[in-house]
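None of these values were measured; they are calculated from a predicted model.
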Amino acid sequence: MNASWNHGSRILTRKFGRSTWTVFQHQRCCGYGSHQRPVNASQRYLFSSDATNSDSKESAEQAQIGNSRSVASTRKQRRLSQHNPPRESWEELRKLMGEPLQKPAGALLGPDIYHSDDDDDDDDGGNKNRNSSYIPEVSLYVGEGRIKKRILVLCTGGTLTMAPDPNQGGALAPVEGAISKYMSSMEELNSPDLPFEYQLHEYYPFRDSSDLGPADWATLAQDIKANYLHFDGFVVLTGTDTMAYVATALSFMLENLGKPVVFTGSQIPLCEPYNDARRNLIMAMIFASRDSINEVSIFFHDRLLRANRATKVNTHRLLAFDSPNLDPLATIGITIDENEHLILPPPKGALRVHTRMDTRLLTIRLVPGFDDGMIRQMIEANAEKQRLRALVLQLYGTGNIPSVKESFIQLLADAVDNDILVVASTQCFTGSVMMGHYATGRALEAAGVVSASDMTLEAIACKCAYLFGRLDLNTKEIGELMSVSLRGETTSPELLSPPPLSSAYQRAMKKKTKYF
């Protein structure tokens, strides 16, 4: 058995009574799930062996394990020296993210016993030694022995929480305590037949969603981790303006998520006689209590959307969010209809939380007749300080630019040479970038520009921030990962629809099948 685990693995052993538990820990991989190639996350496999073996055999095993430990220790030190950036990088990124505007909730039902050695929210870059249980024992239901799901509702503010504020002459404003008052008076949430019980936490102070940035997103991720073993699902109430961004960011921050995290809000406050807040809140809590869709999602109006596929499409209608290139995970009517073929497979590892987000990126939407001189000045100025990490270009159609602007293509090639990730996205609401379909797209591809495929702008920005925030990948590796589905945010190239006006031969070559 030991010979089959010789590819960057290490063997650890612990003795409990008469049984010996051996932990095989594989190479670090990037957390794609079992169907993707390993890059940078950890998997652990536990095997139990009976301790009734002979003493000679056990001593031989212990000697072999001791040798493996020394080899694993050497490999770990080599890996840390190669992949861990200097402390200045951590400090620079921490200053960039800033301080959160809201106080964290922390563990609400007990001590924070969920620790992962691979979490990256430590002061020393994730290398802090902690005494952590591999499978902690948590008493979920004490006393009555009721079999009800437990939901944690985290409220950051937003339109849903607004009420007449006497301090502002009765104008609608987020009011602390209003959501708790309304929820306690809702008959639906007080029914004994409700399949779940909930606990509400209001962050202080309430902030507009446009004020909340990566530091506050990290607070949400840490609070979910702190309460992960005490609750069966999570609901996050926030403003709709940046809901797609924060929900998408959390989909990348929460790796190996095995419980539902549902974002919701409203277009009309809960205090109004006619509102959409009531249904959105109740249905978000119902989806958070279900076991079928364990990922970060957004519920709004009548549909549940994958968070990193959603975008805000309307400011006045109740259907404020939509998913351009992916059908809803579920829709509601008389019944709940789930698209089971779209649901992500269950995770194969323990929850890991990534809280570092490098947001040093710029998005430019091209218009006909644009002047590329300003872009050149920006890239040349960045060559000295190396502040810009990624440049996202919203191009025409399937990823086209004016063919007469050869200087602009050379400019993008120079940006790639200056270690800037250049990503091409489409200005269209639906569809994807197909850089190899037209000649201009091929020129961009030759210049080193990376395709964003069918990702939303929110997904592109948050994915870049997450990958650069890891600090263990170079720009070329990040560019290769942009076309890889990490959390279901993009469609694999072989599954995309063929380009328009393509021949049967071209379509067959794209699918790698016969065309006759």
Side-chain angles (χ1 to χ4, degrees), residues 151-162 172 174 179 182-183 186 188-189 196 198 200 208-210 212 217 220 233-251 260-272 274-290 292-339 342-344 429-430 455-459 462 487-489:
I151 307 301
L152 176 60
V153 181
L154 300 173
C155 180
T156 66
T159 303
L160 187 144
T161 65
M162 288 185 177
L172 290 177
I179 182 65
Y182 285 121
M183 291 181 67
M186 293 173 61
E188 301 93 327
L189 299 181
F196 59 85
Y198 72 91
L200 172 67
D208 189 272
S209 62
S210 59
L212 304 180
W217 305 347
L220 281 173
F234 303 87
V235 173
V236 181
L237 307 179
T238 187
T240 60
D241 289 345
T242 60
M243 182 185 295
Y245 284 96
V246 59
T248 300
L250 258 69
S251 71
V261 177
V262 185
F263 280 75
T264 193
S266 68
Q267 297 284 73
I268 307 173
L270 189 60
C271 65
E272 295 293 333
Y274 169 72
N275 63 75
D276 62 329
R278 197 180 195 94
R279 179 173 63 174
N280 289 351
L281 175 60
I282 293 175
M283 288 308 305
M285 297 176 72
I286 290 177
F287 277 111
S289 66
R290 296 165 67 93
S292 53
I293 305 178
N294 297 323
E295 57 180 281
V296 183
S297 58
I298 294 177
F299 179 83
F300 225 88
H301 191 51
D302 63 345
R303 58 198 61 186
L304 184 74
L305 308 173
R306 177 167 294 159
N308 50 42
R309 291 283 196 152
T311 185
K312 188 173 181 179
V313 297
N314 205 299
T315 60
H316 291 81
R317 296 187 182 275
L318 300 184
L319 183 57
F321 288 86
D322 201 0
S323 180
N325 294 309
L326 187 73
D327 292 336
L329 300 177
T331 56
I332 65 169
I334 298 178
T335 60
I336 296 178
D337 299 321
E338 295 182 353
N339 289 323
L342 298 177
I343 299 175
L344 296 178
F429 182 66
T430 60
M455 284 190 290
T456 63
L457 180 60
E458 294 88 343
C462 294
R487 308 287 191 268
E489 74 282 357

Legend entry - Salt-bridge present (Glu295, Arg306; N to O < 4.0 Å): yes
Legend entry - Residues which pass salt bridge (charged side-chain N to carboxylate O under 4.0 Å, His left out) with Glu272, listed by chain and number, not counting sequence neighbours: none
Legend entry - Under the side chain to side chain donor-acceptor pair (under 3.5 Å) test, residues paired with Ser210 that sit two or more places apart: Asp208
Inset, instruction - List in chain and number order the residues that pass side chain to side chain contact (heavy atoms under 4.5 Å, CB included) with Asn294, two or more places apart in sequence or in another chain; answer none if no residue qualifies. - result: Pro260
Inset, instruction - Kindly compute the distance separating CG (Leu200) from CG (Leu152), expressed to the nearest 0.5 Å. - result: 8.5 Å
Legend entry - Point-to-point distance, once rounded to the nearest 0.5 Å, from CG of Asn308 to CG of Leu326: 9.0 Å
Inset, instruction - Scan residues 313-330 for pairs that pass salt bridge (Lys or Arg N to Asp or Glu O under 4.0 Å), counting only residues two or more places apart or in two chains. - result: Arg303-Asp322
Inset, instruction - Applying side chain to side chain donor-acceptor pair (under 3.5 Å), name anything that partners Ser266, two or more places apart in sequence or on another chain. - result: none
Legend entry - Residues which pass salt bridge (charged side-chain N to carboxylate O under 4.0 Å, His left out) with Glu489, listed by chain and number, not counting sequence neighbours: Lys463
Inset, instruction - Compare all side-chain heavy atoms of Leu237 with those of Thr264 and state whether any distance is below 4.5 angstrom. - result: yes
Legend entry - Results of ring-ring contact (aromatic ring centres under 6.0 Å, His included) for Tyr245 - residues two or more places apart only: none
Inset, instruction - State, yes or no, whether a side-chain contact exists between Met183 and Ile179 at a heavy-atom distance under 4.5 Å. - result: yes
Just distance, no hydrogens or angles: give the donor-acceptor pairs under 3.5 Å from side chains in residues 280-288, sequence neighbours left out.
| residue | atom | partner | partner atom | Å |
| --- | --- | --- | --- | --- |
| Asn280 | OD1 | His301 | N | 3.1 |
| Asn280 | ND2 | Gly265 | O | 3.0 |
| Asn280 | ND2 | Asp276 | O | 3.3 |

Inset, instruction - Could you tell me which residues satisfy side chain to side chain contact (heavy atoms under 4.5 Å, CB included) with Thr156, sequence neighbours excluded, listed by chain and number? - result: Gln102, Tyr203, Leu212, Leu220, Thr238
Legend entry - Where Ile298 and Ala310 come nearest, the two heavy atoms and their spacing: CD1-CB, 4.0 Å
Legend entry - Side chain proximity check, Thr311 to Phe429, heavy atoms < 4.5 angstrom: yes
Inset, instruction - With sequence neighbours left out, write down each residue that passes side chain to side chain contact (heavy atoms under 4.5 Å, CB included) with Thr240, or none if nothing qualifies. - result: Met243, Gln267, Phe300, Lys312, Phe321
Inset, instruction - Applying side chain to side chain contact (heavy atoms under 4.5 Å, CB included), name anything that partners Thr430, two or more places apart in sequence or on another chain. - result: Pro324, Asn325
Inset, instruction - Under the salt bridge (charged side-chain N to carboxylate O under 4.0 Å, His left out) rule, collect the residues that match up with Arg290, sequence neighbours excluded. - result: Glu338
